[in-house]
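This report concerns only the one structure given below.
Residue numbers start from 1 in every chain, and the chains themselves are labelled A, B, ... in the order their sequence lines are given, proteins ahead of strands.
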Amino acid sequence: MGRILDEHLIYEVLSVVEEIPAGKVATYGQIARLIGRDKNARLVGRVMSMAEYYGSYPCHRVVNHAGRLVPGWKEQRALLEAENVPMKNENHVNIKACQWAD
DNA sequence: CAAATGACGCCAG
DNA sequence: ACTGGCGCCATTT
């Protein structure tokens, strides 16, 4: 299985993710806008799901527009709390308080 | 080619 | 806050 997604897209998404500072989070839509692909939030999510294959990136700092954590990824919460990211409840960060101002 | 599937987003109830 | 419905895009069935 070769490259499923456009390598250019993967490169752009991951370079943005790399910039998210510890203690902050970014949303899929936010990242999509930053790379000039406003309507491609879903693709950003797809890239994230395969990010491990391309290297090590702070994927735990990417959440959806409501601040919900990745469904099924247990370690994410601990990773965020280790950076003192404010949580709203078990599955959500307080996005208002910790969204990365780009 | 039609329908379904997702680490999504926005709006209405 | 939670749930549907619709729009969005690439990939898969």
Side-chain angles (χ1 to χ4, degrees):
Chain A
M1 22 195 295
R3 63 179 180 296
I4 299 163
L5 291 174
D6 185 305
E7 296 206 355
H8 183 250
L9 169 65
I10 294 171
Y11 172 78
E12 299 220 53
V13 170
L14 293 180
S15 25
V16 169
V17 171
E18 220 167 25
E19 305 273 328
I20 308 172
K24 293 291 179 180
V25 302
T27 70
Y28 303 95
Q30 179 180 6
I31 293 171
R33 286 195 308 277
L34 285 173
I35 64 176
R37 283 166 171 266
D38 304 37
K39 302 167 185 169
N40 291 51
R42 304 194 88 125
L43 298 189
V44 173
R46 187 186 300 265
V47 171
M48 297 311 297
S49 70
M50 293 188 279
E52 270 186 316
Y53 176 84
Y54 293 91
S56 107
Y57 300 87
C59 301
H60 59 285
R61 299 184 189 137
V62 181
V63 299
N64 82 348
H65 73 111
R68 190 197 60 194
L69 306 190
V70 177
W73 186 18
K74 298 181 200 146
E75 301 90 344
Q76 187 177 19
R77 183 180 167 190
L79 290 169
L80 291 171
E81 290 184 323
E83 300 180 349
N84 295 315
V85 169
M87 302 297 296
K88 190 175 182 185
N89 64 47
E90 303 228 327
N91 317 314
H92 294 72
V93 301
N94 182 341
I95 184 117
K96 294 284 193 182
C98 65
Q99 180 164 19
W100 179 35
D102 52 294

note = Hits for salt bridge (Lys or Arg N to Asp or Glu O under 4.0 Å) against A:Arg77, two or more places apart or cross-chain, chain-then-number order -> A:Glu81, A:Glu90
Nearest-Å distance for atom pair CG/P, residues A:Asp38 and C:dC8 = 13 Å
note = In whole angstroms, the gap separating C1' of C:dT11 from CG of A:Leu9 amounts to 13 Å
A:Arg37 CZ - C:dC8 P separation (whole Å) = 16 Å
Which pairs would a plain distance check flag for residues 12-29 of chain A, meaning a side-chain donor or acceptor within less than 3.5 Å of a matching protein atom at least two apart in sequence or in another chain?
from, atom 1, to, atom 2, distance (Å)
A:Glu12, OE2, A:His8, ND1, 3.4
A:Glu12, OE2, A:His8, NE2, 3.1
A:Ser15, OG, A:Tyr11, O, 2.5
A:Ser15, OG, A:Glu12, O, 3.1
A:Thr27, OG1, A:Gln30, N, 3.0

query = Which residues satisfy the salt bridge (Lys or Arg N to Asp or Glu O under 4.0 Å) test with A:Glu52, sequence neighbours excluded?
reply = none
task = Please report, rounded to the nearest Å, how far the C1' atom of B:dA7 is from the CH2 atom of A:Trp73.
result = 9 Å
task = Would you mind building the protein contact string for nucleotides 8-13 of chain B? One character per nucleotide, 5' to 3', B for base within reach (heavy atoms under 4.0 Å), S for sugar-phosphate only, - for untouched.
result = BSS---
message = Applying side chain to side chain contact (heavy atoms under 4.5 Å, CB included), can you list everything that pairs with A:His92, at least two apart in sequence or on another chain?
response = A:Arg68, A:Lys88, A:Asn89
message = Please report the distance, rounded to the nearest Å, between CE in A:Met48 and C1' in C:dA10.
response = 17 Å
request  = Only counting residues at least two apart or in another chain, list the ones meeting side chain to side chain contact (heavy atoms under 4.5 Å, CB included) with A:Asn84.
outcome  = none
remark   = Taken to the nearest whole Å, CD1/A:Ile20 to C1'/B:dA7 is 13 Å
note = Correct closest heavy-atom pair for A:Ala32 and A:Ala41 would be CB-N, 3.9 Å
Separation of C:dT11 C1' from A:Ile10 CD1 (nearest whole Å) = 13 Å
query = To the nearest Å, how far apart are A:Asn40 CG and B:dG6 P?
reply = 19 Å
